[in-house]
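Notes for the one structure printed next.
Predicted model, so just to flag it, every value in this text is computed and none were measured. Note on naming: letters A, B, ... go to the chains in the order of the sequence lines (proteins, then strands), and numbering restarts at 1 for each one.
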Amino acid sequence: MSAAAAEHDRAECRGDDATHWPRVPVGLVTTLGVMAGGDNSIEVEGLVREFKKGPRAVDGIDLRVEPGEIYGFLGPNGAGKSTTVLMLTTLLPPTAGTARVAGFDVVKEGPSVRRTIGAALQEAALDPMLTGREHLRLQAALQGIARDERRAREQELLARVGLSEAADRKVKGYSGGMKRRLDLALALVHRPRVLFLDEPTTGLDPQSRSALWEEVGRLARDEGVTVFLTTQYLEEADVLADRVGIIHRGRIVAEGTPSALKADVGRSTVEAIPAEEDERARVAEILLRFGDPTQASPKGVAVQLANSNGSLADVVRALDEAKLAIANIQLHAPTLDDVFLAKTGTSLEGAAEDDEQDSDAE
Amino acid sequence: MNGRGLSVTLGLAHRQMTLLIKNPSLLFPPMLFPLMNFLAFAGGLSRLRHVPGFNYPGGYTAFQFVFVLLQSAAFGGVFMGFGIARDFENGFARRLLVAAPHRSGLIAGYWLGAVFRWSLVATMLTIVALIAGMPIGGSGVDIFGLYALALLVNLVGILWAAGIAMRFRTVQAGPLMQTPVFMLLFLAPVYVPLALLQGWIHTLASVNPYTLLLEEGRGLLAGTPLHTASAFLIAFGLVGFFLVWSLRGLRIAERAG
Amino acid sequence: MTLLLNQIGRIAWRSVIRTARQPAAVIPPLTFPLMLMAVNSNGLRAATHLPGFPTKSFLDFFLPFSFIQGALFAATTAGTDLARDVDTGFLNRLALTPMRGAALLLGELGGAVALGALQAFVYLGVGLAFGVHFVTGIGGMATLLLLAILIALGWAAIGVLLALRAGSGEKVQSQFPLLFFLVFISSMNLPRNLIEVSWFRDLATINPVSYLIEGLRTLIIEGWNAQALALGFGVAILMVLGALGGASIALRQRMERT
């Protein structure tokens with residue numbers, strides 16, 4: 001996916017328009033019932049988790065997620081993503097380091113952390129013999145939600161995740177996407193301030209995936225929920241996350257906004273293919289005004305832009321002014337895979353295979 | 001069966017054996033249950049030999065050994081039926097149906113796997129029985145006949161269970177595979193000879209074809225066979241009947257895709 | 001306290017619903033002991049001719065075994081279901097709620113005990129319909145049901161313990177044959193004094209399952225035998241307490257939360 005397309009998708013998921021409406025401050029949003037107020041941040045310092053057999057699954061990570069932010073934790077299988085989530089959700093004690101979620105220490109204040117978070121862990125852990133509605137009732141009861149409040153909450157969440165019609169069907173008949181949506185609804189039953197989603201779209205079809213992205217974007221945008229999302233999909237991190245942390249073999253190797261990370265590893269490339277082959281030299285002459293020459297397809301001319309991808313319009317304008325007919329022009333923006341490659345020396349897909357062999361921690 | 005059919009059979013049998021060797025949990029229950037039955041029946045009920053009219057010459061341990069040997073053979077086949085159903089559930093069986101040029105070879109492959117597992121169980125049972133002092137009155141030919149009879153019971157067990165597994169293609173059909181076999185085995189002279197049974201169970205045991213196999217097996221072990229030809233005739237008849245049953249099941253599975 | 005009771009109720013409700021919606025989990029535990037009872041009470045009727053056999057009806061003698069066997073089947077189901085919860089991560093979902101460990105344990109046991117109680121009533125009804133005679137009368141029947149439910153609770157607690165330790169349904173199922181082994185090496189088929197083989201008699205004597213069966217049996221064929229009842233109830237209570245204690249420790253390890 002190009003940078004422009006990713007930016008467009010991100011804006012759609014977040015509900016932003018071109019003028020980038022300001023984010024609604026946390027604490028002001030109470031409309032849909034998410035617990036507002038308080039510190040919704042996640043702060044992690046030197047977090048380590050060692051397992052008896054095997055390498056350090058998490059090897060001293062530091063990160064900070066701001067309130068209302070969607071933080072994408074990107075890495076291949078076995079990189080340490082799920083182990084980190086288990087520690088932050090109090091299900092696994094860290095070997096060393098500290099972590100505070102919503103202002104509470106995950107080791108010393110576990111019950112307080114659990115009261116403020118919602119989590120949809122890697123497996124959509126559902127009972128196939130119960131219906132969607134029964135799951136919500138069980139979850140609401142265990143969360144201690146008052147009986148008279150439960151029914152309204154149940155209806156609201158079923159409607160929100162689009163499961164009202166399927167609510168009384170057993171979960172064993174649900175599709176993967178429906179299970180994931182129910183999983184998300186269960187995580188939201190008690191109005192959490194911080195939401196952990198561990199690979200929420202793995203195995204989903206594109207339609208279900210984009211529906212889930214939309215809902216996650218809405219939660220952050222409208223309700224100020226802080227979202228910590230792990231993923232192995234570049235596109236997901238690119239589209240959904242405000243900031244991305246790239247984890248490799250238990251360490252964070254890069255962190256920042258998707259565009260900053262991409263800008264950090266390299267400049268965009270513009271490649272133009274002239275309509276007439278004998279115009280190639282003239283096209284090259286114009287393109288060279290915008291950057292350094294780089295490898296192109298046999299019929300094309302390519303340059304690495306000096307000023308990131310903002311100059312594409314200038315290139316098109318200059319070609320137009322020179323009255324040059326262009327058969328095709330393309331902007332190749334760096335991807336997060338390029339970032340991963342630059343930081344680890346391997347591409348994300350290759351790293352997954354390596355790490356699955358290296359670590360069984362996740 | 002031609003060369004390719006045989007290779008399908010042997011390939012599948014090899015896969016079943018490998019599964020068994022690598023997963024002891026698949027081996028122990030089928031091994032433990034016959035052993036438990038044998039110990040419970042031969043050890044706990046041996047005083048039944050003093051019941052007036054109990055006239056089996058081989059003693060109570062031998063009397064029970066034959067029942068448990070045939071039971072283990074039958075259930076060895078049924079347990080393989082579970083494996084077939086599981087293969088259908090997880091899609092492996094579909095791959096087999098696509099790959100095998102002669103699909104009837106698949107049933108033979110599963111049976112060979114079942115024979116392998118049952119042979120381990122039978123060996124262990126025999127060793128335990130011999131350690132417990134079980135006398136062997138029969139000749140070598142008689143004993144061969146006993147184990148051959150058990151092998152046919154094993155074949156009947158898997159043909160029955162395979163027929164069910166291929167019709168339903170889910171492990172939830174397990175009780176349907178087990179229960180009729182259990183009833184057939186236990187509606188027979190399990191604890192005392194047929195003459196000592198009374199009432200409805202005597203009536204049912206008298207018409208149960210398995211009764212003749214069980215009594216003949218006991219006769220072979222004690223060296224007093226009476227109706228060997230009839231017993232084998234019934235055993236082969238059952239094999240033929242359930243072979244058709246299982247092949248029809250295979251056709252149903254093929255049609256289901 | 002109200003919250004805890006509410007949580008126990010919810011988990012028990014889920015356990016009952018889940019079991020009731022799986023016919024394969026209800027029908028075999030209910031029917032298999034009945035089949036065995038039908039077959040053995042007739043097939044072993046000759047045993048009543050042995051000198052010293054305590055009753056003329058083998059059905060009277062054998063009925064208690066059905067309660068033991070049925071409860072063990074129900075426990076297998078409870079254990080396998082809980083192990084599946086561990087395996088699929090459902091337990092993690094529960095661990096993220098303020099649910100107390102005690103609520104999970106008691107709730108899970110609730111489902112198994114409900115099935116155990118249903119079984120006990122069915123076996124008793126079938127036994128009475130086929131002519132079982134209680135020498136202790138109505139009071140004996142009530143006591144038998146109480147002991148049967150206590151035994152169901154004990155087996156279920158063992159099932160939960162195995163599930164929490166093993167964490168996989170296959171492992172739980174592979175461990176249950178060992179419990180069946182205990183049941184088989186007991187006085188289930190003959191009174192201990194009529195077991196001829198000495199090693200079997202010795203094993204049946206040290207086997208606590210014998211005392212569970214004899215506690216139930218005494219109410220049908222013998223009378224209010226205080227020693228047999230004390231041993232039956234004593235073993236059942238010890239089983240419940242021991243297994244619950246072990247299960248609590250296993251649960252704490254399994255639901256390790258900070």
Chain C contact via T131(A) - side chain, backbone, both or neither, heavy atoms under 4.5 Å: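 Contact with chain C: backbone and side chain both.
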Can you tell me how far [atom2] of [Y] sits from [atom1] of [X], rounded to the nearest 0.5 angstrom?
X      : Y       : atom1 : atom2 : result
M99(C) : Q143(A) : CE    : CD    : 10.5 Å
T97(C) : H190(A) : OG1   : NE2   : 9.0 Å
L96(C) : T89(A)  : CG    : OG1   : 5.5 Å
W13(C) : R137(A) : CH2   : CZ    : 7.0 Å

Inspect the surroundings of CZ in R165(C) and state if more than 12 heavy atoms from other residues, nucleotides or ligands are less than 6.0 Å away. no
If you count the non-hydrogen atoms of other residues, nucleotides and ligands that lie under 6.0 Å from CD in E45(A), is the total more than 12? no
Taking all non-hydrogen atoms of both residues, which atom of L91(A) and which atom of A95(C) are closest, and how far apart?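 Looking at all heavy atoms of both residues, the shortest contact is CD2-CB, 3.7 Å.
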Go through the steps to decide whether R10(C) and E134(A) satisfy the test salt bridge (charged side-chain N to carboxylate O under 4.0 Å, His left out), and finish with yes or no. CA-CA 10 Å; R10(C) 274 288 150 182; E134(A) 286 166 348; over 6 Å; no
Say whether, by atom type as modelled, one donor and one acceptor occur between the side chain of R18(C) and the main chain of M129(A) under 3.5 angstrom. no
Residue from L138(A), I117(A), D127(A) scoring the most non-hydrogen pairs under 4.5 Å with chain C is D127(A)
Of the listed residues (L121(A), L86(A), L130(A), V189(A)), which shares the most heavy-atom pairs with chain C below a 4.5 Å separation? L130(A)
Strictly below 4.0 Å, N to O, side chains only: are D183(A) and R93(C) in salt-bridge contact?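 So D183(A) pairs with R93(C) through a salt bridge.
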Between A103(C), A20(C), G89(C), which has the largest tally of heavy atom pairs under 4.5 Å with chain A?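 Going by pairs under 4.5 Å, I would pick G89(C).
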